[in-house]
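Since the structure is predicted, the reported quantities are computational estimates derived from the model, not experimental observations.
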Amino acid sequence: MEWITAENVIALGTTLLGVLVSVGVVWLDRFSPQRKRLGYRVQLNTPLHREENQDREVMTVREGEVVGMAPPANGSTLVLLRIENDRDLDISSDDYGASTEPHGLRITFGDRTVQGVVATVPAGWVSVRDDLERAPKLGRSGSAVLVPKVALDRGQYFKLLVQLSGGVADRDVKVDGSLQGGAIRRNRSTTPDEKAARFSPTSRAVTVVLTLCVIALAAIIVRERTPPPIGCATGTLTVTGSTAFAPVVREVKKQYEKDCAGATIILDPHGSTSGIRALADAAAGAEQGKGSPAVIALSDGRKPGGFPQLRESTVAVSLFTLVLNDDIPVDNLTLDQIRRVYQGEITNWSQLVPGVDRPVLLISRDANSGTREVFQRRVLERNEPANSSLDCVNVDDTESKVIRCELDSTDRVLTTVAKLPGAIGYADLRSVGGHPGLHKVAIDGREPVLEEMSGPGYPYREIEYAYTWGVPPADSLTSSFLGYLTRGRGQDVIGTQGHLPCATPKGLKICGDG
């Protein structure tokens, strides 16, 4: 079987190991019986020295009614012990065994004599303090400290400061006693109280195993160069048509050429209608028997009539917007107002905004533009008026009601609208960003928002189509790039560029409705 390779076996094995370790930890944590545990640790072990002529008492501690620390003689030692509940189960006074009755614990320090002992409890743990003071109380006997049966909830602890007759090694400190349903053990950590607890042994084991699994998988991925996507082809392909969609195709082209060595994509946008004609001309000029030419034409909306040989594929849903020079303080226009502006009924912005005396300047795209065709069909429901100006400022047709000029690119439209007070134009939504001096205009109070495209709402939108001459050969660069754009990684680029891919659930519905 082709998938049985050394790399795949190792990858599968490390994955299963990681899963099994995780399942095992969950089982241990959730289903295995837990035991109570009382831990202890030595946090301080330091000698004491007596200054000459010093005979005063240095500390007062409890033992029975009162236990007094002896004046420190040379050779005395202070040991600080921490007694703690280091499991999730609470420990009650009834859990202590009978081996040290009537006390709960017996702590010995080798052959050293206990000269004094005092207990400290964090503020607020009243029950712990009460247990230490309840009979039989904290006491000492020879080389031993006798500790009452103290109930400790999860995370609770108390400390014992013990004065000894001489030095003692940490390993010689012993805690005798028993715990029903649990154990008493020494904790090796010397972590200060205020710091977070270290990993438990189980946590460390899981972390190590999972880290090794990740490293193994990463090594496999890095070792072998990622193969190119299935269906890569070589050769040269021309993509023409929509200027509004050209930035998307430019990014898809870069990604495809990176993934598929030997492929060259030529991007030549001149407008949707112009692209359809360029595709037809390429097919007409192709030699007999060559089949479909290596050309893809992108169009904002469906192709015009008269080209039955063209095969269409839906690519994305694009949003367009009206743009207005910042000199005009209008953020919303109704469909009726927009149509009256473009029919020449409104020639000065003062007719809509009292006090703003600016003539209306219509900055439009040329006849090859898909953006213009969508605007006429989706918003105006009729054609725009005739061109009346070459420079967008001076009227060349004296019979025209309003100044209107045509430009051959989206960028030129946006630049001109931003420069001329009173100018209004249109463009694809993505291209508007980065052009100071103009702002978007809502239509009937509806903003061009990609996330709200599932309903009928905002009218100025259109499906982006890709056209080929007939069905290109399955092994051709035309077929490969078209699949990459409409179903492959190109859909990710489309989404990041502010369009809705037709391959997404929402996109499928809109693109299917046409």
Side-chain angles (χ1 to χ4, degrees), residues 37-86 91 93 96-122 125 128-150 152 156-179 183-194:
R37 191 169 72 190
L38 189 69
Y40 67 95
R41 69 181 80 179
V42 177
Q43 291 191 306
L44 176 69
N45 187 350
T46 185
L48 291 175
H49 298 282
R50 176 189 173 93
E51 299 292 342
E52 292 298 327
N53 301 321
Q54 181 183 15
D55 57 1
R56 62 184 179 86
E57 184 180 46
V58 297
M59 189 178 296
T60 301
V61 295
R62 303 191 68 84
E63 177 194 358
E65 290 301 325
V66 175
V67 176
M69 283 284 193
N74 287 336
S76 294
T77 297
L78 276 183
V79 174
L80 181 64
L81 284 172
R82 172 177 163 130
I83 313 296
E84 57 196 1
N85 180 354
D86 56 7
I91 297 173
S93 57
Y96 291 88
S99 60
T100 54
E101 288 286 359
H103 289 82
L105 302 174
R106 178 185 175 87
I107 307 174
T108 58
F109 302 85
D111 58 356
R112 301 304 180 187
T113 301
V114 177
Q115 298 175 334
V117 60
V118 65
T120 62
V121 180
W125 293 354
V128 176
R129 187 177 301 277
D130 290 344
D131 285 348
L132 284 167
E133 295 179 349
R134 187 177 295 114
K137 299 182 180 180
L138 177 66
R140 59 188 172 94
S141 175
S143 64
V145 171
L146 305 176
V147 183
K149 298 178 180 180
V150 180
L152 294 175
Q156 287 189 329
Y157 64 89
F158 60 91
K159 295 185 180 184
L160 300 176
L161 184 62
V162 184
Q163 181 180 339
L164 302 174
S165 60
V168 63
D170 288 355
R171 64 177 177 274
D172 293 331
V173 179
K174 307 292 184 184
V175 175
D176 297 321
S178 60
L179 205 62
I184 299 173
R185 57 165 291 174
R186 178 191 293 266
N187 289 335
R188 299 295 178 183
S189 171
T190 57
T191 306
D193 298 335
E194 65 273 10

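Within the structure, the salt bridge (charged side-chain N to carboxylate O under 4.0 Å, His left out) test picks out no pair touching residues 165-176 (sequence neighbours left out).
Taking the side-chain contact (heavy atoms from CB on, under 4.5 Å) definition, one finds that L179 meets it with K36, L38, I91, D95, Y96, I184, sequence neighbours left out. Residues passing the side-chain contact (heavy atoms from CB on, under 4.5 Å) test with L80, sequence neighbours excluded: Q43, L44, K159, L161. Remark: Q156 pairs with no residue by the side-chain hydrogen bond (donor to acceptor under 3.5 Å, both in side chains) rule, at least two apart or across chains. Under the rule for a side-chain hydrogen bond (donor to acceptor under 3.5 Å, both in side chains), the partners of R134 that lie at least two apart in sequence or sit in another chain are D131. Here D111 pairs with nothing under the side-chain contact (heavy atoms from CB on, under 4.5 Å) rule; sequence neighbours left out.
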Legend entry - Worked verdict on L164 versus T113 for side chain to side chain contact (heavy atoms under 4.5 Å, CB included): CA-CA 6 Å; L164 302 174; T113 301; over 6 Å; no
Legend entry - Criterion side chain to side chain contact (heavy atoms under 4.5 Å, CB included) on V121 and L132, from CA distance to verdict: CA-CA 9 Å; V121 180; L132 284 167; 3.5 Å; yes
Inset, instruction - Show your reasoning for whether side chain to side chain contact (heavy atoms under 4.5 Å, CB included) applies to R112 and S165. - result: CA-CA 6 Å; R112 301 304 180 187; S165 60; 4.0 Å; yes
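At distances below 3.5 Å, not a single donor-acceptor pair connects side-chain atoms of N45 with backbone N or O atoms of A169. For S141 (side chain) and A144 (main-chain N/O), no donor-acceptor pair under 3.5 Å exists by modelled atom type. Proximity of a side-chain donor or acceptor of R186 to a complementary backbone N or O of V173 within less than 3.5 Å is detected.
Side chains of R106 and L146 form a contact here, defined as non-hydrogen atoms less than 4.5 Å apart. Within the 4.5 Å cutoff, side-chain heavy atoms of L160 are placed close to those of L138.
Under the side-chain contact (heavy atoms from CB on, under 4.5 Å) rule, V162 has a single partner from T77, V168, I107, V145, which is V145.
Closest of all the heavy-atom pairs between I83 and L105 is CG2-CD1, 4.3 Å. Of all non-hydrogen atoms in W125 and Y157, the two that sit nearest each other are CZ3-N, 3.1 Å. In plain terms, the two heavy atoms of P102 and P136 that are nearest each other are O-CG, 3.4 Å. Heavy atoms only, all atoms of each residue included: S99 and S178 are closest at OG-OG, 3.8 Å.
Between atom CZ of residue F158 and atom CD of residue E84 there is a gap of 10.5 Å, rounded to the nearest 0.5 Å.
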